[in-house]
Number of protein chains: 4
Amino acid sequence: MKAARLHRYDPKMEGPEFLKLEDVPEPRITEPDHVIVRIGGAGLCRTDLHIIEGIWRTKVNVELPYILGHENAGWVEEVGPGVTEFKKGDAVIVHPLMTDGTCPACRKGNDMHCENSLFPGINTDGGFAEYLLTKSRSLIKLPQGIHPHEIAPHADAGLTAYHAAKKAARHLEPGDYAVLIGFGGLGHIGFQVLRSLSPARIIVVDRSPLALELAEELGAEHRVKAGEKAVQEVLALTGGRGAEAVLDFVGEGGSIEMGLAMTKNAGSYYVIGYGGTVEVPAIDLIFSEKNIIGNLVGTYTDLMELMTLAGEGKVHLSTTTYPLEEINQAIADLHQGKVKGRAVLIP
Amino acid sequence: MKAARLHRYDPKMEGPEFLKLEDVPEPRITEPDHVIVRIGGAGLCRTDLHIIEGIWRTKVNVELPYILGHENAGWVEEVGPGVTEFKKGDAVIVHPLMTDGTCPACRKGNDMHCENSLFPGINTDGGFAEYLLTKSRSLIKLPQGIHPHEIAPHADAGLTAYHAAKKAARHLEPGDYAVLIGFGGLGHIGFQVLRSLSPARIIVVDRSPLALELAEELGAEHRVKAGEKAVQEVLALTGGRGAEAVLDFVGEGGSIEMGLAMTKNAGSYYVIGYGGTVEVPAIDLIFSEKNIIGNLVGTYTDLMELMTLAGEGKVHLSTTTYPLEEINQAIADLHQGKVKGRAVLIP
Amino acid sequence: MKAARLHRYDPKMEGPEFLKLEDVPEPRITEPDHVIVRIGGAGLCRTDLHIIEGIWRTKVNVELPYILGHENAGWVEEVGPGVTEFKKGDAVIVHPLMTDGTCPACRKGNDMHCENSLFPGINTDGGFAEYLLTKSRSLIKLPQGIHPHEIAPHADAGLTAYHAAKKAARHLEPGDYAVLIGFGGLGHIGFQVLRSLSPARIIVVDRSPLALELAEELGAEHRVKAGEKAVQEVLALTGGRGAEAVLDFVGEGGSIEMGLAMTKNAGSYYVIGYGGTVEVPAIDLIFSEKNIIGNLVGTYTDLMELMTLAGEGKVHLSTTTYPLEEINQAIADLHQGKVKGRAVLIP
Amino acid sequence: MKAARLHRYDPKMEGPEFLKLEDVPEPRITEPDHVIVRIGGAGLCRTDLHIIEGIWRTKVNVELPYILGHENAGWVEEVGPGVTEFKKGDAVIVHPLMTDGTCPACRKGNDMHCENSLFPGINTDGGFAEYLLTKSRSLIKLPQGIHPHEIAPHADAGLTAYHAAKKAARHLEPGDYAVLIGFGGLGHIGFQVLRSLSPARIIVVDRSPLALELAEELGAEHRVKAGEKAVQEVLALTGGRGAEAVLDFVGEGGSIEMGLAMTKNAGSYYVIGYGGTVEVPAIDLIFSEKNIIGNLVGTYTDLMELMTLAGEGKVHLSTTTYPLEEINQAIADLHQGKVKGRAVLIP
């Protein structure tokens, strides 16, 4: 089958061939619960750029070449002998992890902390290809009328935003404030999720006037331009107290300091974007009793719930599609900030 | 009355007169809910040293001279016209904050985040004196048979340890691990509280062989000497995963890095001691989904619960008493690490 | 001042004079935290009918005659010497309980379980009068532009609905179902609150076609006519499983059996309306692991949050006003089911 | 193999042959995740009596004859081709349900509400036999040094008590009271669990002086004889307020009314034993805001945690063993109240 594989790291992102389009053998079912999914759409994520740059090289154990692509949706093509819930042709989104379902984390519903998991597109072959191998445990049927390429990025970008927003929503009451830093691919989903799950007043912070315009279109009442006065403006909006929850979808370039400064005493700052470093004197955490909350991708149940919201029309995703053949163009575009919404590859 | 007041900061702790013993006017009741407490014991805390050094100078707004002492217990001496719950002679411990009871934080039971509070001994006159002015809202009657000087340090040291341990206990199930770093004044209380509130397996980490011996005496099954191999030993004890909760009562000198490294993925690291700086790349918080939890002193309800445990004999406090006249000796002793347990001043 | 007092119980509601309009002395401030409120509107509640009928006679300790009216809003007229947060002329809604702020329940934020409370209009003089005595602790300033008579019923009817809906919302995730039985005074508020606080799919059940129409106008997607087939219809809507939460605002005439039958295994049935009896074999509670949740009026914080939602335009209240002089007409109308929305008396 | 099967219901428990000991074919592995367990001990439960009486006839769909026995422990005998976590000879306890691991309930960790489960001994062949068919998902390895017949009753009796006690423990703080009604097979485990998981003050209520003696031996400080004055005594012990949690392991013969009367306002009454009927006017639930909480058997994670406590020596189980051949004697003994502790059959 056709697939886009990473053969060498490219620390400076010089390209032009980041991934190599080539013919590779199709994946095969070797376990009773395996499923082959025919890819309908595979989202391109900033994490793919970081993998190509080699940043993840020491974090995960994987041998080159392999197929990237961890935001996958499509149709069931073939199922293992133990699979009864899915049949050929079912339209599905693929939870990004292949989990065992029996470790303590899975038993408690925290399957993204599964002790025996694989992460296709990160540490094994992913979905920038015609077919993907996964497990039946990872599949969710799509709501009626939704096409795989329309929602593929929910498999990781959406799921991560959902997971963090749901955590925050648990502590947000009427009259509370939530700040979202970064209104891009994850941020615009986080906004819609938070609006669905909580009554909080939401303040969107972004550097880009275009992003703030999009925020306005989606109904964000309070919008603040990132910059020197942003903290001051958020404090003014919140009666001088700051926000009960600050969700930082940027995580670098000053957003961490800004986010912590916008957090109310006894409130929580959620780290979602990355690149920078959290640095704060212990005494300040004690005086303020603030919490710093790490966020991974979400659980299978999180993805079910996100697909429910998507099916109900409460969460819209903005995408731009590319044929799989143009994967290197898509990567270049994303690297240069030219993609509107999330890029989705279609084989 | 006799009182020990701070007249000048002493950044190098040269002494010998850190506080000046002098005669000052007794406090007077000016509000209906005011209460004058005759001090039976006032705990000396490391925070008092930091105040004398001037470290808190920029954090709180207070004019010199003033009376230190924020861990107070004694007997009700006089009550304001609106006070009906207490009468002269009642033995009481004093919650360290004077709160308003009507701000949003107080209404929700988070009174240590009261928006209109005073903190005697920190930003107004405290308890290194014969009498202390506080509010009836701050008082808790002592369990039968407990003398004020025996439990005065619970008003801040114990309360802080209780507050953090209770937060952690909410997430600890049978088979989970909790690491306590630092088995001193706060740590040994935190240990006893955690054992009362949770079924977790507790691992005590300390540099000092004496502290580890005390831990053993109090029944701590797992004890690890702080140092190069401590992280490795904790990982070995926890099946390579780390602990669901790490309570750091030290907060400096490498304990923060050590504590975070001992924390299990999806677990929480509680900052209680201070002095150092939390510094962690955002990507690491994301990969591990760890939480960093700030901790302030506890609520009135926390102190009620701690006194209940103390009254039931579940939490013992180790103290050394000094007459108030020897306050400067006590301070010197604490500074030089010569106090066994918590120092308590008796006027 | 003018006031409507209950002089005798009227078990059969024969009237015509249920309450006697008469001149009584104005209330006077006797405690530092007392406040006199000039009534702008006082809601009439079905509980007032039950009091007149004598149903509450054995439940509360009160001597006749006294002034009814427990849903009060107005303007501050006079404040006690200890009150600093409010001044004459402030527009306020009155939390229905006068609480002490210092009992264990108040300390934890559960002030409606205050151990030393009064309930004006139930066990002491209420608001069917020109002036009401309460405490500053019970007052909340109205959002800009809202007139007391527009929101007086929120003080009890709205607050009760809010309290129950908020409890339910804590357990409701995307894709979950909530059933509301009874779309009257409390139910239509409960619906709007639940929609603000949770992503659940809401099913409204009512006997009355008019109520179901109102539900449709307010945006309720799923509406079921109470009756023989109601349980079957709800099961059909919920994939045969029932609803995670069933809020019963009726509590009599078959609604309890119906509500329990509509509740999913491991779900909760919330008792809000009353009159009937919960009767269920223990074995059925065990097989199904259902919960039966009692609901009282809400806390001060609940009322703050409800007023926030009201101020944000998320919760609308439908009312009909009567001059205080027509109190007996209003009572007769309510008794005969002729009041549209909630009746509010204006002195 | 040898097995004890139910051939006919015996509503009056006349016996003497309740179950028929006979030779039946051994179970066979037909799915990849199947496991055959060689039974080391199978607990006899009051529910077995109820099944024989025919009480469960209409509740579950099962054809006679079949093998009873739902509290099973033993050694792995044979594993299906997909099983990697267990091997022949492993000592295991068997979670009573065979679950699918993929329904919404399993995904959230509530596997005892699995939508596609079997309950061996209840609706398919159980463990009063030499071998039992189950799934690898249902197995937990025993702590070192514990023999299957010593802990088999934990698989259902212990698990049920654990599940309810853990729910209650979440809401119990220092100074709170918990009442346990019934100190028999489940109650004595519930007591030990509650003591491990919570700091509450526990009051044991039982009719039997022997049971109260056992409670004293196990360290129960407060013991009350069930009867006319029991409610009064519990109220006296709790300052007139009642207990925050009442766990009713009896569920009939007046225990329900007694339990509800012992429950504090805003507290919870947990239904665990069955036979009687919960009957309470809605108005009383509203005044008191009490909760009535149904309780099923526990989750796999609950059983893991209980086995952890058992392995740590925190929960002891009192048992009497019978050879499988004497099953009818064991049943007769249990029916006549002659078994000390829990009866365990050994094949």
Region of D/Asp284 that comes under 4.5 Å of a non-hydrogen atom in chain C: side chain
Largest heavy-atom contact set with chain C, pairs under 4.5 Å, which of D/Val297, D/Ile272, D/Ile283: D/Ile283
Pairs of heavy atoms under 4.5 Å with chain D: top-ranked of C/Ile293, C/Val271, C/Ile292: C/Ile292
Contacting region of D/Tyr269 [heavy-atom separation from chain C under 4.5 Å]: neither
Interchain contact, D/His50 with chain C, by part (heavy-atom threshold 4.5 Å): neither
Top of C/His113, C/Glu252, C/Met112 for chain D proximity - count of heavy-atom pairs under 4.5 angstrom: C/His113
Test applied, salt bridge (Lys or Arg N to Asp or Glu O under 4.0 Å); reference residue, C/Glu244; option that passes from C/Lys264, C/Lys290, C/Arg201, C/Arg170: C/Lys264
C/Gln232 atom CD: more than 12 heavy-atom contacts under 6.0 Å: no
Aromatic ring pairing C/Trp56/D/Phe287, orientation class (parallel under 30°, perpendicular over 60°, tilted between): tilted
Toward chain D, the part of C/Glu115 with a non-hydrogen atom under 4.5 Å: side chain
Check ion pair C/Lys167-D/Glu289 (N to O, under 4.0 angstrom): yes
Heavy-atom pair count under 4.5 Å with chain D, highest-scoring of C/Asp248, C/Ile55, C/Asn295, C/Thr160: C/Asn295
Pairing of D/Asp176 and D/Arg241 as salt bridge, 4.0 angstrom limit: no
Parallel, tilted or perpendicular, as decided by the 30° and 60° cut-offs, for the rings of D/Phe183 and D/Phe191: perpendicular
